[in-house]
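Taking it in order: structure first as structure tokens, then the write-up.
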Protein chains: 2
Amino acid sequence: MKSPIISLQSAGVLGSNRDAVRQHNLSIILQMIHFYGTVTRSQLTSATGLNRSTISDLVSELEQLGFAHETEGAATSGVGRPSLVVTASTKVVAFAVHPEIDATTVGLVSLSGKVLKTVRVVMGQNPTAADSVKTAAKAIAELRDGLQSDQRIAGIGVAIPGQVRVSDNVVRFAPQLGWIEQPFGSMLSQATGLPVFVDNDASIGCMAERNFGAARGLLDAVYLFAGSGGIGGGAIVNGSQLRGASGYGGEFGHVRIGGAADVDYSGLSGTLESLVRRDDLLQVFKMYSATDQELDQEIRSTKSKEAIKILRKQVASLGAGISTYVNIFNPEAIILAGFLSSLFNFDPEGLIESMKAGTLKAAQERVVIRNGELGEETLMVGSAELAFHGLLENPSDAQLVPVKKAR
Amino acid sequence: MKSPIISLQSAGVLGSNRDAVRQHNLSIILQMIHFYGTVTRSQLTSATGLNRSTISDLVSELEQLGFAHETEGAATSGVGRPSLVVTASTKVVAFAVHPEIDATTVGLVSLSGKVLKTVRVVMGQNPTAADSVKTAAKAIAELRDGLQSDQRIAGIGVAIPGQVRVSDNVVRFAPQLGWIEQPFGSMLSQATGLPVFVDNDASIGCMAERNFGAARGLLDAVYLFAGSGGIGGGAIVNGSQLRGASGYGGEFGHVRIGGAADVDYSGLSGTLESLVRRDDLLQVFKMYSATDQELDQEIRSTKSKEAIKILRKQVASLGAGISTYVNIFNPEAIILAGFLSSLFNFDPEGLIESMKAGTLKAAQERVVIRNGELGEETLMVGSAELAFHGLLENPSDAQLVPVKKAR
DNA sequence: TCTACTTGTTGGCTAAAACAACAAATTGGT
DNA sequence: ACCAATTTGTTGTTTTAGCCAACAAGTAGA
């Protein structure tokens with residue numbers, strides 16, 4: 001049931017006039033090119049239902065706009081004249097920024113969703129928002145210098161471990177970084193002259209897995225992500241990302257699932273984040289800090305009874321949390337990322353059992369628990385999606401910035 | 001971020017051809033007429049952004065299809081030629097069915113969303129699905145006899161207190177009724193010769209409040225409903241109803257919010273449904289059964305310390321449950337219905353406080369707790385919406401059934 | 001080499017929305 | 001009572017995005 005909201009005050013956007021049709025068709029085709037990187041023209045015709053000649057016209061418009069190329073590809077599959085292959089232009093890129101407690105990562109991503117470069121700048125402890133903006137802007141400037149002069153930039157996407165007001169790109173509260181009410185978006189936009197789009201890291205991860213990863217094409221999915229800063233999540237409902245009225249939706253780490261003993265990063269008790277703690281695992285393994293890979297290795301190989309006990313407890317808690325989200329969303333899949341994947345790998349049956357114990361029979365029938373597929377590239381790919389979004393929605397009016405500033 | 005799911009297998013539905021535009025425009029206009037009952041043509045032009053002449057054309061097509069009337073209404077507001085008033089046709093109706101433990105309610109609803117008639121047939125305890133179908137079919141036949149011969153029927157919407165597989169209208173599990181795996185939809189369709197659409201009662205309530213009640217026009221809202229059969233809910237995410245992969249989404253009553261002492265109707269512990277129990281209130285008031293109005297009266301006027309203690313406890317639990325949904329959905333409003341409204345009225349500040357204690361600061365800023373507006377009509381209006389849905393989506397191809405069967 | 005099949009291209013066609021000009025109906029001022 | 005200003009409905013024409021049909025181009029298989 002996807003009825004659009006009908007409001008008598010909505011000034012002229014509900015009706016489809018002819019321009020809107022053209023825009024929609026261009027958008028759909030560019031999105032297919034974007035999500036799949038490479039599509040044949042015959043695939044475009046059958047998927048959209050539009051006429052061959054219309055597709056021809058639309059693709060050549062996208063080519064003229066500089067978003068796609070057509071080549072006589074080798075995608076020969078069966079009899080008949082081979083279809084032309086359409087690929088995303090390499091001339092359109094976006095930057096991705098991910099501030100963390102000890103480093104800021106900056107990436108360069110192409111319109112085909114490929115991560116071209118990644119720069120990780122290690123910083124002193126507890127960087128302020130200004131520090132992070134400065135570091136990111138410098139890295140972006142360097143990457144920008146390395147671009148060809150005919151390339152164009154869609155913008156910068158930023159993944160923040162914390163709550164973000166999406167409407168004006170303000171970081172409301174990022175407990176791990178210690179940031180409160182930081183207008184990160186406008187700061188970085190000022191420093192770079194590029195449009196900036198900020199969002200919560202877990203929401204971005206969810207979007208990345210939906211567009212390019214383990215949740216690709218799903219209409220209903222839940223994503224749970226755990227980094228060093230706690231647990232976040234995202235959900236796809238009816239094919240669209242859960243955002244909420246102000247963009248704070250999907251705070252799955254802060255939902256109460258159990259007793260009230262432990263307290264999470266935000267001062268709430270009995271939450272998923274307080275029961276499934278990365279730090280507790282590091283402690284039992286006597287590690288001070290570790291990458292997800294190192295931690296995963298330890299989890300896979302441990303024989304320590306104490307560690308196993310803690311792991312089992314965390315698996316049970318994670319299962320209880322998942323059951324909550326299964327009851328609420330009735331998703332097709334639960335996607336796990338960060339060290340939650342390691343917990344799943346450690347005891348998949350245990351996790352599934354614990355999930356099933358808390359879910360209604362009907363809802364648990366179809367659901368699948370799965371690990372994310374994008375790994376370290378998740379946030380780079382997802383952040384870039386924020387920057388590409390406007391372009392994908394309305395290709396003919398897209399505002400791209402040239403590599404070299406006009407003098 | 002509402003990107004449509006792009007799939008290479010999706011056989012020809014993504015592209016907008018000219019027919020689709022026409023269909024979309026007709027649909028939008030009919031929806032506005034439906035949701036508001038009465039709209040002026042100038043409102044239609046400004047809201048859709050379409051040209052005056054286009055609106056004129058579209059409205060006259062809807063008139064020819066028998067879904068709307070145009071009258072020289074008295075909606076004179078300011079200078080200029082007064083605009084024509086468009087109203088929903090009274091010739092198009094739908095039936096609504098609501099089976100309960102002790103009665104089955106059948107309603108007749110017009111395309112303007114007005115409940116024209118309601119029949120409540122009291123039944124013996126524990127009716128089977130077949131009993132309920134028989135009762136409903138008889139009541140529908142009688143109502144059908146009372147219709148004018150030029151009226152047309154969109155179908156029957158059914159609200160079930162339990163989990164429903166929407167794809168084939170099967171009741172999976174309705175604990176209160178004791179129904180398991182009942183193909184209610186096909187049974188009722190067979191008995192009446194009308195198309196039948198079955199869904200969960202709380203989802204239907206949510207839709208009703210969104211389309212005609214306290215959540216009208218909201219893009220993000222959560223609905224919580226408590227009847228004699230437990231607690232259910234629904235959510236509007238990004239303007240579309242949360243349904244889930246199979247239609248079991250929104251089982252908010254079965255989400256764990258607290259300790260593990262109590263057990264709900266579905267055997268899960270510590271859930272909202274197990275902590276906020278209508279039966280507990282009836283017991284403390286020494287009532288065996290009561291309507292929501294009678295219970296509300298008792299709650300408003302009680303001086304019993306024991307009752308107040310239980311009420312406060314339930315308010316606190318409800319607040320905790322609400323906080324879970326605020327963290328997850330970041331809604332603009334929480335809509336309460338059934339005896340949850342009474343709890344809210346009993347101690348609004350307490351409920352808000354308890355909600356705030358469990359929510360992240362950012363998410364709790366804009367949220368409002370509000371009572372549903374539709375009262376007893378909620379399920380009648382909402383069920384009829386199910387039947388009207390196809391008609392609203394595609395007015396020109398709508399399949400309506402005449403009142404008198406063809407011979 | 002021929003047939004079957006699929007895809008690309010081209011020029012003309014169509015239908016639905018936009019446009020423009022005018023008529024109709026109201027308010028308010030003189 | 002009349003006229004200007006304003007808004008809306010109506011009508012005939014124009015525009016344009018997608019469709020259609022015919023043909024050319026290219027592949028696989030016999």
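Chain identifiers are assigned alphabetically (A, B, ...) following the order of the sequence lines, protein sequences preceding nucleic acid strands; residue numbering begins at 1 within each chain. In what follows, every heavy atom counts, from backbone to side chain, and hydrogens, waters and symmetry copies are set aside.
Distances from the side chain of Val21(B) to the nucleotides dA17(C), dG18(D), dT27(D) place dA17(C) closest. Taking only side-chain atoms of Leu84(B), from C-beta outward, the nucleotide of dT6(C), dG9(D), dT7(C) with the closest atom is dG9(D). The side chain of Pro82(A) approaches dG26(D) more closely than any other nucleotide in the set dG26(D), dG8(C), dA17(C).
Across all strands, Arg22(A) comes closer than 4.0 Å only to sugar-phosphate atoms, never to a base (heavy-atom distances). Using a 4.0 Å heavy-atom criterion, one finds that Asp19(A) contacts no nucleic acid atom at all.
Distances shown here put every side-chain N or O of Arg52(A) at or beyond 4.0 Å from the OP1 or OP2 atom of dA25(D). Note on Arg41(B): every side-chain N or O is 4.0 Å or more away from OP1 and OP2 of dT8(D). For the OP1/OP2 pair of dA16(C) and a distance below 4.0 Å, the side-chain nitrogens and oxygens of Asn25(B) include no atom meeting the criterion. Distances shown here put every side-chain N or O of Ser53(A) at or beyond 4.0 Å from the OP1 or OP2 atom of dC19(D). The side chain of Ser83(A) places an N or O atom within less than 4.0 Å of a non-bridging phosphate oxygen (OP1 or OP2) of dG8(C).
Less than 6.0 angstrom separates the ring centroid of Phe388(A) from the ring centroid of His34(A).
With rounding to whole Å, Glu61(A) atom CD is found 11 Å from dA17(D) atom C1'. Residue Glu70(A) contributes atom CD, which lies 8 Å from atom P of dG8(C) at whole-angstrom precision. Look at CG on Asp57(B): it is 14 Å from P on dG12(D), rounded to the nearest Å. The distance from atom CD1 of Ile55(B) to atom C1' of dT10(D) is 15 Å, rounded to the nearest whole Å. Distance NE2 (His24(B)) to C1' (dA17(C)): 14 Å, rounded to an integer number of Å. In this entry the distance linking CG of Leu58(B) with P of dA15(C) reads 16 Å, nearest Å. The distance between atom CD of Gln43(B) and atom P of dT8(D), rounded to the nearest whole Å, is 10 Å. Rounded to an integer number of Å, the gap from CG of Asn51(A) to P of dG18(D) is 10 Å.
Comment: Glu209(B) does not engage Arg216(B) in a salt bridge, judged by the lack of any side-chain N to carboxylate O separation of less than 4.0 angstrom. Residues Arg243(A) and Asp199(A) are paired through a salt bridge, judged by an N-O separation under 4.0 Å between the basic side chain and the carboxylate.
Here the straight-line distance linking atom CG of Leu30(B) with atom CG of Leu65(B) works out to 9.0 Å at 0.5 Å rounding.
Nucleotides of DNA chain D nearest to Arg81(A) and Gln23(A) differ in position, and the one nearer the 5' end is that of Gln23(A). Comparing Gly80(B) and Ser56(A) by the nucleotide of DNA chain C that holds the closest heavy atom to each, the one mapping nearer the 5' end is Ser56(A).
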### Task
Kindly determine whether Arg366(A) and Asp220(A) satisfy salt bridge (charged side-chain N to carboxylate O under 4.0 Å, His left out), including the steps that lead there.
CA-CA 11 Å; Arg366(A) 280 181 58 188; Asp220(A) 292 276; over 6 Å; no

